[in-house]
Amino acid sequence: MTIRSAIKTGVALALLFAGIPAHARELAMRVFRINDHVWCFYDGRPSQAQVDPKDHNWADFGANNVGVATYVIHQGDRALVYDTFPSVRQAQWVRDYLTRAGIRHFVTVNSHWHLDHVGGNAVYADSDRIATASTRQTLIAHKAAIESGKDEGPPAIDPLVIPNLTITADTTYFVGDIPVELRPVQIHSADGLVIYLPGDRVLLAGDTLEDTVTFISEPASIPDQYRNLLAMRGWGFDRIYPNHGNPDVIAKGGYPLALIDTTRAYLRRMVEHAHDPDYLTQPIAPYIADAVKAGTISLWWAYVDAHHENLAKVSGAYKDRPLPDFGPVALHAGQ
């Protein structure tokens with residue numbers, strides 16, 4: 001990209017974002033080719049100046065403002081779509097792109113039940129949709145509230161299309177002759193499902209890992225998540241592609257294993273400091289300073305509020321209980 005085209009792109013994005021809630025604005029979709037059979041579709045991540053601080057909704061706060069990606073594994077006229085974006089508009093953009101590329105047969109995989117990962121499922125109502133059994137059960141239980149905009153508030157997802165196929169254990173799915181390992185994990189949420197591509201040594205991480213920090217949704221299970229992250233580190237992949245990350249890093253080859261170490265350190269620190277008198281006002285910077293200095297992650301503005309929400313959730317879970325013992329710091333599976 002030339003300097004002139006970069007300036008034009010920046011101006012265009014500013015006009016798209018300015019003064020409009022991200023879930024309602026025109027799309028600013030970017031497409032990154034990971035390799036000859038994996039694409040990343042990325043939307044959002046406006047600058048702080050382009051966002052109205054009074055507009056706070058789940059689609060923007062947890063996805064569009066931090067940046068949100070979905071991934072497509074394809075061969076011939078077949079594609080597996082990993083997560084469907086917060087909205088039908090975004091998901092339809094992806095499907096139209098794939099259709100123009102010659103894709104005729106689709107299957108989707110939802111990484112977990114959170115709304116920014118299932119909002120576009122209706123675009124694939126004519127295709128099989130895979131998730132963990134827990135994801136399906138949770139979405140069924142929340143369906144009426146999600147469709148009425150009462151679960152996490154507006155925007156509503158109506159209709160919410162539920163996954164029709166479920167797994168409870170590691171399952172290999174083939175896109176053409178490409179093996180795709182679907183692996184349930186209890187990281188970030190109990191119903192998590194990540195994708196391991198053994199032929200590429202690549203992990204599609206969903207929300208189990210993020211840059212800048214993970215959104216803590218289930219604080220009581222952080223010790224288990226901490227251990228599960230270490231186990232996941234030993235699977236054999238060497239590149240990581242999260243759903244919420246820095247688009248420049250994703251475009252240039254993804255994240256190293258150090259992203260797992262950074263996430264584990266953040267979770268551990270969050271719990272171990274939960275009884276500090278000033279805990280609820282502690283800034284994000286000290287929690288991630290070493291990882292930012294090392295270049296593993298960068299501090300994106302939208303995660304400052306996410307960190308403060310994390311503090312409130314962890315405080316609520318641990319303020320009246322003894323803090324768990326995480327044991328010695330282990331950086332590699334088997335330690």
Side-chain angles (χ1 to χ4, degrees), residues 47-49 51-58 60-63 65-67 112 114-116 151-153 185-190 192 205 207-233 242 244-246 255 258-331 335:
S47 71
Q48 188 171 10
V51 174
D52 183 348
K54 298 189 295 295
D55 183 56
H56 188 96
N57 61 80
W58 64 262
D60 294 344
F61 176 76
N65 288 348
V66 300
H112 60 302
H114 292 165
L115 305 192
D116 55 312
D151 187 82
E152 294 286 341
V185 291
Q186 184 189 0
I187 303 170
H188 178 66
S189 63
D207 276 9
T208 63
L209 301 163
E210 296 194 30
D211 176 1
T212 301
V213 297
T214 185
F215 278 71
I216 296 175
S217 61
E218 299 177 7
S221 67
I222 286 177
D224 291 329
Q225 296 178 48
Y226 181 80
R227 290 186 289 270
N228 294 341
L229 281 163
L230 182 62
M232 188 170 75
R233 195 186 194 282
H244 305 293
N246 185 329
Y255 290 83
L259 183 61
I260 297 178
D261 306 331
T262 294
T263 303
R264 294 180 75 239
Y266 178 76
L267 289 172
R268 180 171 181 149
R269 289 166 183 164
M270 288 291 288
V271 173
E272 291 183 336
H273 286 275
H275 288 175
D276 291 0
D278 63 343
Y279 182 71
L280 290 175
T281 61
Q282 289 179 357
I284 189 173
Y287 282 85
I288 60 171
D290 50 353
V292 171
K293 183 178 180 180
T296 306
I297 59 172
S298 57
L299 177 52
W300 183 249
W301 68 268
Y303 281 97
V304 173
D305 285 342
H307 169 71
H308 286 291
E309 186 171 280
N310 286 346
L311 290 169
K313 289 181 178 180
V314 173
S315 176
Y318 291 99
K319 66 180 181 180
D320 296 323
R321 357 175 348 199
L323 298 181
D325 181 3
F326 286 85
V329 176
L331 296 180
Q335 284 185 281

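These numbers come from a predicted model, not from an experiment.
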Practice prompt. Take Val66 and Phe215 through the test side chain to side chain contact (heavy atoms under 4.5 Å, CB included) and record every step on the way to the result.
Written response: CA-CA 11 Å; Val66 300; Phe215 278 71; 4.2 Å; yes
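- Distance NE2/His307 to OG1/Thr212: 11.5 Å, rounded to 0.5 Å.
- Side-chain contact between Leu209 and Met232 is present, with heavy atoms from C-beta onward closer than 4.5 Å.
- How far CZ of Phe326 is from CD of Glu272: 6.0 Å, rounded to the nearest 0.5 Å.
- A pairwise comparison of heavy atoms in Val292 and Leu299 identifies CG2-N, 4.4 Å as the closest pair.
- In this structure, the side chain of Trp300 does not engage the main chain of Ser47 through any donor-acceptor pair within 3.5 Å.
- Inter-residue side-chain proximity for Phe61 and Glu309 is flagged as met; some heavy-atom pair is nearer than 4.5 Å.
- Interatomic distance, Tyr255 OH to Thr296 OG1, rounded to the nearest 0.5 Å: 10.0 Å.
- A donor-acceptor pair is defined here as one N or O able to donate and one able to accept, closer than 3.5 Å; no such pair exists between the side chain of Gln225 and the backbone of Gln186.
- No donor-acceptor pair closer than 3.5 Å links the side chain of Asp278 to the backbone N or O of Thr281.
- By the 4.0 Å N-to-carboxylate-O rule, Arg264 lies too far from Asp261 to be salt-bridged with it.
- Summarising the geometry, atom NZ belonging to Lys313 is positioned 13.5 Å from atom OH belonging to Tyr318; distances are rounded to the nearest 0.5 Å.
- Considering every non-hydrogen atom in both Ala220 and Ala317, the closest pair reads N-CB, 4.4 Å.
- No donor-acceptor distance shorter than 3.5 angstrom exists from the side chain of Trp58 to the backbone of Asp116, with no hydrogens or angles considered.
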Worksheet item: Given Glu152 and His114, is the side chain to side chain contact (heavy atoms under 4.5 Å, CB included) satisfied, shown in steps?
Response: CA-CA 10 Å; Glu152 294 286 341; His114 292 165; over 6 Å; no
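- Between Val314 and Ala274, the shortest heavy-atom distance links the atoms CG1-CB, 4.0 Å.
- Side-chain N or O atoms of Asp211 include none that pairs as donor or acceptor with a backbone N or O of Ile297 at under 3.5 Å.
- In the model, His244 has a side-chain atom that pairs as donor or acceptor with a side-chain atom of Asp207 under 3.5 Å.
- Here the CD1 atom belonging to Ile222 is positioned 5.5 Å from the CG atom belonging to Leu267, to the nearest 0.5 angstrom.
- A distance of 4.0 Å separates CE in Met270 from CG in Leu311, rounded to the nearest 0.5 Å.
- The main-chain N or O of Leu259 is found under 3.5 Å from a side-chain atom of Thr263 such that the two form a donor-acceptor pair.
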Discussion item. Could you go through Val185 and Leu229, starting from their C-alpha distance and side-chain angles, then the distance that decides it, and tell me whether this counts as side chain to side chain contact (heavy atoms under 4.5 Å, CB included)?
Written reply: CA-CA 9 Å; Val185 291; Leu229 281 163; over 6 Å; no
Discussion item. Quick one, Ile288 with Tyr303, criterion side chain to side chain contact (heavy atoms under 4.5 Å, CB included). Give me CA distance, side-chain angles, the key distance, then yes/no.
Written reply: CA-CA 11 Å; Ile288 60 171; Tyr303 281 97; over 6 Å; no
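- In this model, a donor atom of one side chain and an acceptor atom of the other lie less than 3.5 Å apart for Asn310 and Tyr266.
- When only modelled atom types and interatomic distance are considered, Thr214 and Glu210 share no side-chain donor-acceptor pair under 3.5 Å.
- Looking at Asn228, its side chain does come within 3.5 Å of a backbone N or O of Asp224 through a donor-acceptor pair.
- Looking at His273, its side chain never comes within 3.5 Å of a backbone N or O of Arg268 through a donor-acceptor pair.
- Taking the side chain as every heavy atom from C-beta outward, His188 and Glu218 never approach each other to under 4.5 Å.
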